[in-house]
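Taking it in order: structure first as structure tokens, then the write-up.
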Amino acid sequence: MSPVNLLDFDAAALEKFVESIGEKPFRAKQLLRWIHHRGARSFEEMSDLAKSLRAKLADAAQLASPAVLNDSTSDDGTRKWLLDVGQRNAIETVFIPEDDRGTLCISTQAGCAVNCSFCSTGKQGFNRNLTTGEIIGQLWMAEHALRDSARTGASGVSDRVISNVVLMGMGEPLQNYDAVLPALRLMLDDNAYGLSRRRVTLSTSGMVPQMDRLAEDCPVALAVSLHAPNDTLRDSLVPLNRKYPLQTLLAACRRYVRAAPRDFITFEYVMLDGVNDHDAHAKELIALVDDVPCKFNLIPFNPFPQSGLRRSSSERIRAFAQHLSDAGIVTTIRRTRGDDIDAACGQLAGDIRDRTRLSERRAGKTIPIAASVH
Ligand code: SAH
Ligand code: SF4
């Protein structure tokens with residue numbers, strides 16, 4: 001029997017596993033704390049477990065996160081890992097240090113089936129869902145890496161611990177619900193990462209039924225990728241809109257906020273020159289979200305090869321933000337981080353694939369690796 005990966009298990013699943021090897025359920029809590037809270041990389045380190053139990057664990061289980069293919073740090077301190085998820089696929093994880101927080105942006109799928117027109121991941125197509133172990137493994141791996149370089153001072157910038165997690169990397173998290181939910185539970189579990197639910201943000205392009213399930217199962221902060229104020233335009237940018245049009249999506253947003261009192265929805269809006277950035281679009285948006293407690297986050301479009309789209313000018317983005325602010329909607333403009341290492345929102349796929357090919361051609365290998373992150 002091949003060993004099970006304990007990173008695949010949330011607290012409840014770990015208890016079942018512990019019982020299946022004939023141990024008392026309380027061992028699950030000990031294990032959880034060792035793996036996620038204290039960041040053990042091997043069973044050997046788990047010093048308060050009996051030697052016989054450690055040996056049993058080493059036989060039946062493993063702690064496996066995706067292998068790091070590349071690790072780069074931007075001039076602004078943003079750090080990006082390229083991770084191997086097999087079958088010639090790679091995903092990316094990005095750490096963004098700021099004065100008051102450290103945010104880890106993680107991926108949930110290799111590729112994405114939604115196929116938004118402005119997104120390089122979408123252009124790649126869909127490869128497969130990540131497992132819970134591959135999702136939480138990104139946080140587990142990043143914690144280790146950041147702790148290690150804080151100890152050695154290798155990065156040259158002061159590394160901060162991860163205080164926030166955003167599911168805004170590659171993939172549509174709500175199209176991988178069953179693997180994402182245990183990962184979210186681990187992020188919130190006091191014996192694992194102990195993050196408050198407001199410090200974990202899931203971003204969706206609008207999977208309405210799963211938004212309702214999430215409100216019930218684990219109401220973390222929700223970001224919704226809106227990108228357009230009417231169905232005609234949104235149909236052309238986010239094809240999922242044909243299945244869940246705006247009024248259906250906004251009704252789901254209202255239900256979500258009702259289930260998570262004192263919360264608001266963050267609407268993401270990618271700024272595309274001449275496409276969705278006119279004053280008239282801002283006015284239409286204000287009317288559209290009238291009764292949804294919300295904030296807006298405007299994302300300057302990050303171009304990638306063959307997108308055929310351009311980023312709105314800074315003046316246009318500021319004017320658009322001003323319209324929303326004047327209507328009483330808290331609006332922020334996302335700062336572009338890590339673009340010197342292609343770690344900014346939506347950059348890459350093509351890029352990475354090309355560069356990887358190049359480096360592999362240099363190394364005499366021919367395996368193409370596709371990756372993307374927002
Ligand atoms: N699939 C989810 C989460 C990942 S995308 C979603 O769509 O919400 C995270 C954010 O990055 C989304 O708001 C997405 O629209 C945005 N994004 C995608 N491509 C981008 C690009 N090229 N430039 C800027 N933002 C982009
Ligand atoms: Fe998928 Fe999000 Fe990219 Fe759309 S923006 S293709 S939903 S990852």
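Order of listing sets the numbers, starting from 1, for every ligand and every atom in it. Keep in mind that what you see is a predicted model, and the values were worked out from it rather than measured.
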> Are E45 and R41 ion-paired here, with the side-chain N under 4.0 Å from a carboxylate O?
Replying inline: no
>> If you take the nearest heavy atom of each of K123, R334, H227, R311, which one is closest to atom 15 (O) of ligand 1?
In response: H227
>> Check the orientation of W140 and H144. Use parallel for under 30°, tilted for 30 to 60°, and perpendicular for over 60°.
In response: perpendicular
>> Tell me whether T331 contacts the main-chain N or O of I329 through its side chain, where contact means a donor paired with an acceptor under 3.5 Å.
In response: yes
>> Checking the side chain of Q124 only, and the main-chain atoms of T121 only, is there a donor and an acceptor separated by less than 3.5 Å?
In response: no
> Can an N or O of F118 be found at a distance shorter than 3.5 Å from an N or O of ligand 1?
Replying inline: yes
> Which bit of E268 gets closer than 4.0 Å to ligand 1, counting heavy atoms only: side chain, backbone, both or neither?
Replying inline: side chain
> Considering only heavy atoms of I299, which atoms of ligand 1 have at least one such atom less than 4.0 Å away?
Replying inline: 13 (O), 24 (C), 25 (N)
>> Less than 4.0 Å is my threshold; does some heavy atom of G169 fall inside it relative to ligand 1?
In response: yes
>> At under 4.0 Å between heavy atoms, is it the side chain or the backbone of C116 that contacts ligand 2, or both, or neither?
In response: both
>> Could you check whether D277 pairs with R311 (Lys NZ or Arg NE/NH1/NH2 to Asp/Glu carboxylate O, under 4.0 Å)?
In response: no
>> I'd like to check which ligand 2 atoms, numbered from 1 as shown, lie under 4.0 Å from a non-hydrogen atom of C112.
In response: 1 (Fe), 6 (S), 7 (S), 8 (S)
>> Any heavy atom of G171 closer to ligand 2 than 4.0 angstrom?
In response: yes
>> Just checking H37 against Y193, ring centres under 6.0 Å apart?
In response: no
> If Ile, Leu, Val, Met, Phe, Trp and Tyr residues are connected whenever their side-chain heavy atoms lie under 4.5 Å apart, and connections chain through other members, are V330 and L298 in the same group?
Replying inline: no
> Are F118 and F304 an aromatic pair by the rule of ring centers under 6.0 Å?
Replying inline: no
> Any N/O/S of C119 under 2.8 Å from atom 3 (Fe) of ligand 2?
Replying inline: yes
> Heavy atom under 4.0 Å from ligand 1: found in N302's side chain, backbone, both, or neither?
Replying inline: both
> If you look at every heavy atom in V257 and P293, which pair is closest and at what distance?
Replying inline: CG1-CG, 3.7 Å
>> Need the ligand 1 atom indices (1-based, order shown) with element for anything under 4.0 Å from a heavy-atom of T204.
In response: 6 (C), 8 (O)
> Which is it for V224 and ligand 1 at heavy atoms under 4.0 Å: side chain, backbone, both or neither?
Replying inline: neither
> Which of the atoms of ligand 1 are close to S225, meaning less than 4.0 Å from one of its heavy atoms?
Replying inline: 6 (C), 7 (O), 8 (O), 12 (C), 13 (O), 15 (O)
> Which ligand 2 atoms does V114 reach within 4.0 Å, using its non-hydrogen atoms?
Replying inline: 1 (Fe), 7 (S)
> Does a salt bridge link E19 with K24, judged by any charged N lying under 4.0 Å from a carboxylate O?
Replying inline: no
> So, D59 and R54, do they make that salt bridge, N to O below 4.0 Å?
Replying inline: no
> Of all the atoms in ligand 2, which lie at a distance below 4.0 Å from a heavy atom belonging to G122?
Replying inline: 6 (S)
>> Going by the closest heavy atom to atom 1 (N) of ligand 1, which one wins out of S203, G171, S205, G122?
In response: G171
>> What I want to find out is whether D189 reaches K29 closely enough, with some N-O distance under 4.0 Å, to be called a salt bridge.
In response: no
> Atoms of ligand 2 less than 4.0 Å from N115 heavy atoms?
Replying inline: 6 (S)
>> Under 4.0 Å from a heavy atom of S205: which atoms of ligand 2 are those, numbered in the order shown and with their elements?
In response: 7 (S)
> Where's the contact between V238 and ligand 2, heavy-atom distance under 4.0 Å: side chain, backbone, both or neither?
Replying inline: neither
